[in-house]
Amino acid sequence: MHNPYEKYKNNSVNTATKEELTLMLYDGAVRFCNQAITAMQEKDILKTNELIIKVQNIIREFQITLDKKHEISHQLNQMYDYLYHRVIEANIKKDEEMLTEVRDHLRTMRDTWKEAMKLAKQSAPPPASVSAEA
């Protein structure tokens with residue numbers, strides 16, 4: 001029997017817009033950072049490593065999917081590159097402060113993205129209505 005939560009999660013991902021998927025990735029990166037910090041505090045080295053690698057993978061996905069046509073992409077790429085190397089360093093040194101710094105930056109970026117989505121939705125033209133004439 002399939003887990004209903006997994007089915008819901010799969011449906012959410014499969015029906016999400018690109019903007020919503022980006023928000024989900026930010027949420028996941030923040031969540032994995034929080035979990036890695038907890039694992040680090042519990043001295044669970046394997047779990048810490050596993051969770052930090054998930055954060056690294058999400059950051060790389062952000063870099064790969066940047067639309068290079070936009071000027072801001074270069075700055076975002078630099079920020080992602082910094083976060084990527086910082087999270088690797090946090091993993092090597094098992095440094096909670098470094099990981100917290102990465103998490104806080106990702107959280108700020110997520111909140112900014114969420115606000116941008118809200119503003120874009122407010123300024124979007126209403127959908128065209130379909131005429132009932134036949």
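Counting begins at 1 with the first residue of the sequence. In this text the structure is predicted, and so the values were computed from the model without any measurement.
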Review point. Could you state the interatomic distance from CD1 (I59) to CZ (R86), rounded to the nearest 0.5 Å?
Key: 12.0 Å

Review point. If you look at every heavy atom in L66 and S73, which pair is closest and at what distance?
Key: CD1-O, 3.5 Å

Study note, to complete from the structure: Taking every heavy atom of L99 against every heavy atom of A36, the minimum-distance pair comes out as CD2-CB, 3.6 Å

Study note, to complete from the structure: Between the CD1 atom in I58 and the CD1 atom in I53, the distance rounded to the nearest 0.5 Å is 12.5 Å

Check your understanding: Which pairs pass salt bridge (charged side-chain N to carboxylate O under 4.0 Å, His left out) with one or both residues in residues 52-61, sequence neighbours excluded?
Key -> none

**Study point:** Hydrophobic cluster identity match, M40 and I92, side-chain contacts under 4.5 Å
**Key:** yes

Review point. According to a 4.5 Å side-chain heavy-atom criterion applied to Ile, Leu, Val, Met, Phe, Trp and Tyr, with indirect links allowed, do M24 and F32 form part of one hydrophobic cluster?
Key: no

Revision key, fill the gap. Note: N77 and Q63 closest approach over all heavy atoms is OD1-NE2, 2.9 Å

Practice item. Might you work through the side chain to side chain contact (heavy atoms under 4.5 Å, CB included) test for F62 and M79, ending with a clear yes or no? Key: CA-CA 11 Å; F62 285 142; M79 181 59 155; over 6 Å; no

Exercise for review: Could you tell me whether I72 atom CD1 has more than 12 heavy atoms of other residues or ligands within 6.0 Å of it?
Suggested key: no

Check your understanding: side-chain contact (heavy atoms from CB on, under 4.5 Å) with K93: which residues, sequence neighbours excluded?
Key -> E89, D95, M98

Exercise for review: Working to the nearest 0.5 Å, report the span between NZ of K118 and CD of E19.
Suggested key: 15.5 Å

Practice item. Would you mind reporting whether W113 and R110 have side-chain heavy atoms less than 4.5 Å apart? Key: no

Practice item. Using the side chain to side chain contact (heavy atoms under 4.5 Å, CB included) rule, take R107 and N34 through it: C-alpha gap first, then chi angles, then the decisive distance, then the call. Key: CA-CA 11 Å; R107 186 181 287 153; N34 284 330; 4.0 Å; yes

Exercise for review: State which residue, out of L83, N91, L51, fulfils the side chain to side chain contact (heavy atoms under 4.5 Å, CB included) condition with Q56.
Suggested key: N91

Check your understanding: How far apart are the C-alpha atoms of L25 and L21, what are their side-chain angles, what is the distance that settles it, and do they pass the side chain to side chain contact (heavy atoms under 4.5 Å, CB included) test?
Key -> CA-CA 6 Å; L25 285 171; L21 287 172; 5.6 Å; no

Point to revise | Geometric class of the Y26/Y80 ring pair [parallel <30°, tilted 30-60°, perpendicular >60°] | key: tilted

Revision key, fill the gap. With I52 as partner, the option from V102, V87, I37 fulfilling side chain to side chain contact (heavy atoms under 4.5 Å, CB included) is V87

Practice item. Only pairs at least two apart or in different chains count here, so list each salt bridge (charged side-chain N to carboxylate O under 4.0 Å, His left out) that has a residue in residues 64-84. Key: D67-K69

Exercise for review: Look at atom CD of Q78 and say whether more than 12 heavy atoms of other residues, nucleotides or ligands are closer to it than 6.0 Å.
Suggested key: yes

Practice item. Taking the side chain as every heavy atom from C-beta outward, state whether T38 and K47 have any pair of such atoms under 4.5 Å apart. Key: no

Review point. Take atom CD1 in I45; do more than 12 heavy atoms of anything else shown fall under 6.0 Å from it?
Key: no

Check your understanding: For atom NZ of K94, is the number of surrounding heavy atoms from other residues, nucleotides or ligands below 6.0 Å larger than 12?
Key -> yes

Review point. Can you check whether E101 reaches E97 side chain to side chain, under 4.5 Å on heavy atoms?
Key: no

